[in-house]
Structure formats: C-alpha cells, structure tokens
Amino acid sequence: MAIKLAIQNLSKLYPTGEGVQNIDFHVEEGELVTLLGPSGCGKTTVLRSVGGFIDPTGGAIKVSDQDVHHLPPEKRPSAMVFQSYNLWPHMTVFDNLAFSLKLKKVKKIEIQQRVEEVLTLVHLQGMEKKYPSELSGGQQQRIALARALLLEPEVLLLDEPFSALDAKLRHELREELRDIQSKRNLTMLFVTHDQEEALSISDKIVVMNNGHIEQIAPPQDIYNTPASLFVAQFIGRMNFIKGQAVNNTIQIGDITLTMDDLYTGEVTLGVRPEDIHVADKSSVRIEARVDKMMMLGHFAEITLHTLIGSLKMFVDRQQLEQFELNSTISIKLVNFIVFKENGEVLSNRRMNVNEMV
Ligand SMILES: Nc1ncnc2c1ncn2[C@@H]1O[C@H](COP(=O)(O)OP(=O)(O)OP(=O)(O)O)[C@@H](O)[C@H]1O
Ligand SMILES: [Mg+2]
C-alpha cells in the first residue's frame, strides 16, 4: 500500500533539553497507527509537529510524498482532533460544523447535506440546533471528530480524543472510530497512553519512551514479542523474575532453565500471567501456594507464592473452582522472555516443560 504519511528522522528539542529524537516511521493509506507511551514521552510533540503546531528542530514530514514543513496548520492536508474538543461554545452544532465549509465557500445546500451526512456518520442526527454545553462529553467529542472529518484530511490526527470519557463510552467511540475509518478509508495517527486502547484499535503501534521509539509493530507482535524490557513492562501484564545466566542456562533459585542463546550475567525473566499453566503430574514443575483469587470478568487472576517470588497467573472463569485458597499446586512456565541488564531482549521462546531440569 502507498505511504500516506512519512516522518523522517524528526527531532524537536525544547529549550529545557527535553523533546523527541530520531523519530522515524510511516503510516500507509487507510492505516491507523498509534503513538503509545507514558506521560511526557513525546507523543503530542510528534503529533503537533505533523499538524504544523510545532516547528521541529530537524527531520522531514511528508504527506503523499510532499514535504509539508513550510505549510501552516490550516494549509496542511491534515486535521487534528484534540483531547479537549475545542468546540466553539457560542455556536450551535451546525455552525461549529459548517464553519470550515463556509470559509471554503461551499454552497449552502451542499453544506446542509454534508453536515447531515457527517452527523449520521457519528450517530448524532438531529443535533444541529444544540449548543456544545447541551451535549455530553462523548457527544461533544463526536462533534469534534465530525468537524475534522468535514475537512476531508488526507491524514487525521487524534490526540487522546477519548481520555476524558468513561470506560464504556471510550469503548463505544473506539469501535465507531474504527467503523468510520473503514467506511471512509481514513489514514490516522492516533495518540494514547492507554495500552489497552492502543492494542484494540491499531493496525500498528509505535511505542515511545523518553523521546525516542522503542518498537514499531502490529499489536499482536508488540504483545507477543516486546523488543525491550520497557515495552514488556508497559504493555499487558507480565511477571518479572530476577535470575542469573551462565552460558545457556538461567538459574532462578533452585530452578535451572535453558535458553538458545549464550550469555553470562544478571537477567530478568518475563512471563505473561496466561503463560503460567498448572503442570501435569509427569512434568518438572514449580511448587506454588494459592495466596489470592480474584475474579476479573471472563477470567480470574490468581496470586501464587513460590520460591522464586510472587507470581500472577490468569485462568479461565470456569477453571477457577479447581483452585483452593492456601492449597499447593504445581505450575510450569510455557513461554518466557529473557531480558539483559540493559533491558534488551536476549531470548524469546516458547518453552518445552521437559527442558526444566
Ligand atoms: N512547550 C514546551 N516547552 C518545553 N518543554 C516541553 C514543551 N512541550 C512539551 N515539553 C516537554 O517535552 C516532553 C514531551 O512532551 P509531550 O507533551 O510531547 O508528551 P506526551 O507524550 O504527549 O505526554 P502526555 O501523555 O502527558 O500528554 C515532556 O518532557 C514535556 O515536559
Ligand atoms: Mg500529550
């Protein structure tokens, strides 16, 4: 597919020395790419640079292969939806939406038609006469989205558009945004610090940390094969266990694991809660005491006390009755990632339980 937005070696250094560096990624036509990372990592800085609200220190931003650096925000082929809606309070929904079209001298009848159409798209038909203050947060955010869509941008930029909304509404709007995206084949750059939101909505995730990119990959890959300890800590749940590697073995307490790689030094083993399974009788296992059981909807979280530390394990809702508080069970780690001291991935593999010595 064609590359719609290319960000090449972008940097922005604020006078304080903070900012972003070596930002390099692209968004293909019709793709939704998410910038994900903790507060202050530089997501908004990247997004605003693309939108033209920030002047970068270096690098290039291209939309459909055209450099947009010299263009002011309103002349760029992009539109931005902000976290704080930014609707004009003294204007009705209709006027908020029609504003940009009037500026473009679009005919009255066509404005009427396009506003109606976009309101239907965001499920707010018949709201034309209301003022922003008469709308809920979710409705205002939909209007802000509708207003950006009316600009027919080549690239739609969204900065934490749903973060002010409650969880249920956030879910709904995420789905709606995906629907609208596929209906209109929109190209989007979406910013969030919510890993669940990023995993559920994105074609590709750009994980940022402290002004640089840690990993670029589809959600599935980010989850299954995080490129660093930082990504593993930030995305999904994971148990971290300290160990000592010597050549191709890892010693954790009195447990010895083997890995494909050779390394000597301190390591951290990362194990997802769903990759801890109850071990059958024949396999080599780790003894664990059931310390806590918590129902979390369709699955349950079990806290285990083991000789290698406290571990969280996820089991299906139906399996929960097989567990008893304070009882002792045997577990195995079916998949683990080994991180070096500097946070780089050393080994990432699905493990055969028989390999546990
Ligand atoms: N105008 C500015 N002047 C100086 N420093 C700034 C400015 N804007 C942002 N920064 C700094 O640059 C870094 C990145 O900020 P940015 O707003 O891009 O982060 P963010 O990832 O969007 O965070 P959040 O999730 O909190 O919105 C932060 O350390 C921030 O303090
Ligand atoms: Mg921000």
Side-chain angles (χ1 to χ4, degrees), residues 5-27 32-61 63 68-69 72-73 76 78-87 137-138 140-141 144-145 147-148 153 155-167 169-171 173-174 177 188-202 204-217 219 222 226-236 343:
L5 169 66
I7 296 174
Q8 298 167 339
N9 200 20
L10 179 81
S11 65
K12 170 68 190 178
L13 278 181
Y14 295 109
T16 51
E18 287 161 315
V20 300
Q21 259 177 332
N22 294 327
I23 303 298
D24 220 283
F25 67 93
H26 63 261
V27 186
L32 194 164
V33 171
T34 298
L35 292 175
L36 172 69
S39 183
C41 72
K43 306 176 296 290
T44 297
T45 301
V46 174
L47 202 73
R48 285 182 159 262
S49 301
V50 175
F53 302 95
I54 283 181
D55 195 19
T57 315
I61 295 164
V63 178
V68 296
H69 178 249
R76 293 201 181 189
S78 48
M80 190 142 163
V81 178
F82 299 87
Q83 179 180 354
S84 52
Y85 322 144
N86 282 12
L87 299 175
Q140 288 184 54
Q141 193 53 290
L145 176 63
R147 189 176 55 178
V155 179
L156 185 59
L157 309 169
L158 302 110
D159 195 354
E160 313 231 12
F162 308 143
S163 63
L165 309 172
D166 68 52
L169 203 53
R170 231 165 33 225
H171 269 102
L173 284 187
R174 255 181 234 164
L177 188 68
M188 293 203 246
L189 184 56
F190 186 95
V191 162
T192 183
H193 64 262
D194 177 345
Q195 47 116 359
E196 190 195 314
E197 184 159 89
L199 288 171
S200 67
I201 206 174
S202 319
K204 217 161 66 186
I205 299 176
V206 178
V207 184
M208 290 184 67
N209 175 25
N210 201 14
H212 69 268
I213 293 177
E214 289 268 335
Q215 185 171 14
I216 305 174
I222 297 263
S228 64
L229 187 59
F230 173 84
V231 177
Q233 281 167 336
F234 196 71
I235 284 147

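Whatever order the structure lists them in is the order used to number ligands and atoms, beginning at 1. What you see is a predicted model; the values in this text were computed from it and never measured. Numbers here are sequence positions counted from 1.
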Point to revise | Ring-face cation of Arg170 near Phe162 (centre distance under 6.0 Å, axis angle within 45°) | key: no

Review point. ring-ring contact (aromatic ring centres under 6.0 Å, His included) with Tyr14: which residues, sequence neighbours excluded?
Key: none

**Study point:** All ring-ring contact (aromatic ring centres under 6.0 Å, His included) counterparts of Phe25, not counting sequence neighbours
**Key:** none

Using atom types as modelled, flag every donor-acceptor pair under 3.5 Å from a side chain in residues 204-211 to any protein atom, sequence neighbours excluded.
unit_1, atom_1, unit_2, atom_2, d
Lys204, NZ, His26, O, 2.9
Asn209, ND2, Glu214, OE2, 3.0

Check your understanding: Quick one: nearest non-hydrogen protein atom to atom 26 (O) of ligand 1, plus distance?
Key -> Ser39 OG, 2.5 Å

Exercise for review: Evaluate the side-chain proximity of Ile7 to Asp24: yes if any heavy-atom separation is below 4.5 Å, no if none is.
Suggested key: no

Review point. Of the protein's non-hydrogen atoms, which lies at the shortest distance from atom 25 (O) of ligand 1, and what is that distance?
Key: Lys43 NZ, 2.8 Å

Check your understanding: Does the side chain of Leu32 reach to within under 4.5 Å of the side chain of Phe190, using non-hydrogen atoms?
Key -> yes

Check your understanding: Just wondering, do Pro38 and Phe230 contact through their side chains at under 4.5 Å, heavy atoms?
Key -> yes

**Study point:** Modelled atom types, side-chain donor and acceptor of Glu160 and Thr192, under 3.5 Å
**Key:** no

Review point. Less than 4.5 Å apart, any side-chain heavy atom of Val191 and any of Leu157?
Key: no

Check your understanding: How about the Mg ion (ligand 2), which protein N, O or S atoms come within less than 2.8 Å?
Key -> Thr44 OG1

Check your understanding: For His193, is at least one N or O under 3.5 Å away from an N or O on ligand 1?
Key -> no

Practice item. Provide the number and element of each atom of ligand 1 under 4.0 Å from a heavy atom of Thr44. Key: 17 (O), 18 (O), 20 (P), 22 (O), 27 (O)

Check your understanding: What residue and atom, counting heavy atoms only, is the protein's closest point to atom 3 (N) of ligand 1, and at what distance?
Key -> Tyr14 CD2, 3.5 Å

Check your understanding: Which ligand 1 atoms does Gly42 reach within 4.0 Å, using its non-hydrogen atoms?
Key -> 14 (C), 16 (P), 18 (O), 19 (O), 20 (P), 21 (O)

Check your understanding: Among protein heavy atoms, which sits nearest to atom 31 (O) of ligand 1, and what does the distance come to when rounded to 0.1 Å?
Key -> Glu18 OE1, 3.7 Å

Check your understanding: Counting both backbone and side chain atoms, is some N or O of Pro15 under 3.5 Å from an N or O of ligand 1?
Key -> no

Check your understanding: Is there a side-chain contact between Met80 and Leu156 (heavy atoms, below 4.5 Å)?
Key -> no

Review point. Considering only heavy atoms from C-beta outward, does the side chain of Leu165 approach that of His171 to under 4.5 Å?
Key: no

Exercise for review: Check each of Asp159, Thr45, Asp194 against atom 15 (O) of ligand 1 and report the one with the nearest heavy atom.
Suggested key: Thr45

Review point. N/O to N/O below 3.5 Å, does that happen between Gly37 and ligand 1?
Key: no

Study note, to complete from the structure: atom 23 (O) of ligand 1: closest protein heavy atom, distance to 0.1 Å, is Gly40 N, 2.8 Å

Point to revise | Part of Glu160 within contact of ligand 1 (heavy atoms, under 4.0 Å) | key: side chain

Check your understanding: Taking side chain as C-beta onward, heavy atoms only, is Leu177 less than 4.5 Å from Ile201?
Key -> yes

